[in-house]
Amino acid sequence: MRGKGPTIENYFVLNTGAKIPTIGLRTWQSGGDIFVDAVTTSLKIGYCHIDCAHLYGNEIEVSKALTEAFDGGIRREDYYIFLLYKPNGEP
């Protein structure tokens, strides 16, 4: 199953002029090998916005999935990866 790559039909326009998809894959409360496959598959079928956070505790799985996807030919510059964090380390 291979998608056409990223498509942005519904988006917000950033102050830079870049278009960011309104719908993305949220990774909260997800993990394990099946999650790695879910992220990789999501990128292949057209998701181009991945929402992550240190608090979610799944950085290793997200990183593995992104590495597999990028090694498989998906171009990083076509995707938005959001990493949420609190700068002072508060929960």
Where is the tightest heavy-atom contact between Asn58 and Ala53, given as atom of each residue plus distance?
OD1-O, 4.4 Å
If you count heavy atoms of other groups shown closer than 6.0 angstrom to CG of Leu14, is the number above 12?
yes
From Leu83 CG over to Leu55 CG, what is the distance, rounded to the nearest 0.5 angstrom?
11.0 Å
Please report the interatomic distance CD1(Ile20) to OH(Tyr11), rounded to the nearest 0.5 Å.
13.0 Å
Linking I/L/V/M/F/W/Y whenever their side-chain heavy atoms sit closer than 4.5 Å, directly or via other members, would Val36 and Ile81 fall into one cluster?
no
Set of residues satisfying salt bridge (charged side-chain N to carboxylate O under 4.0 Å, His left out) with respect to Arg75, sequence neighbours excluded
Glu77, Asp78
Is there side-chain contact between Tyr80 and Cys48, with heavy atoms separated by less than 4.5 Å?
no
Identify every side-chain donor-acceptor pair in residues 64-73 under 3.5 Å, counting partners at least two apart or on other chains, and give the distances.
from  : atom 1 : to    : atom 2 : distance (Å)
Thr67 : OG1    : Ser63 : O      : 2.8

Between Tyr79 and Ile50, is a side chain to side chain contact (heavy atoms under 4.5 Å, CB included) present by the stated rule, with each step listed?
CA-CA 8 Å; Tyr79 295 85; Ile50 306 295; 5.9 Å; no
Show me the side-chain donor-acceptor pairs of residues 27-35 shorter than 3.5 Å, one per line, residues at least two apart or across chains.
from  : atom 1 : to    : atom 2 : distance (Å)
Thr27 : OG1    : Asp51 : O      : 2.8
Ser30 : OG     : Trp28 : O      : 3.4

In short, salt bridge (charged side-chain N to carboxylate O under 4.0 Å, His left out) pairs touching residues 53-62 with sequence neighbours left out are none
Is the distance between the ring centroids of His49 and Phe82 under 6.0 Å?
yes
Using modelled atom types only, decide if a donor and an acceptor are shared between the side chain of Tyr47 and the backbone of Thr40 within a distance under 3.5 Å.
no
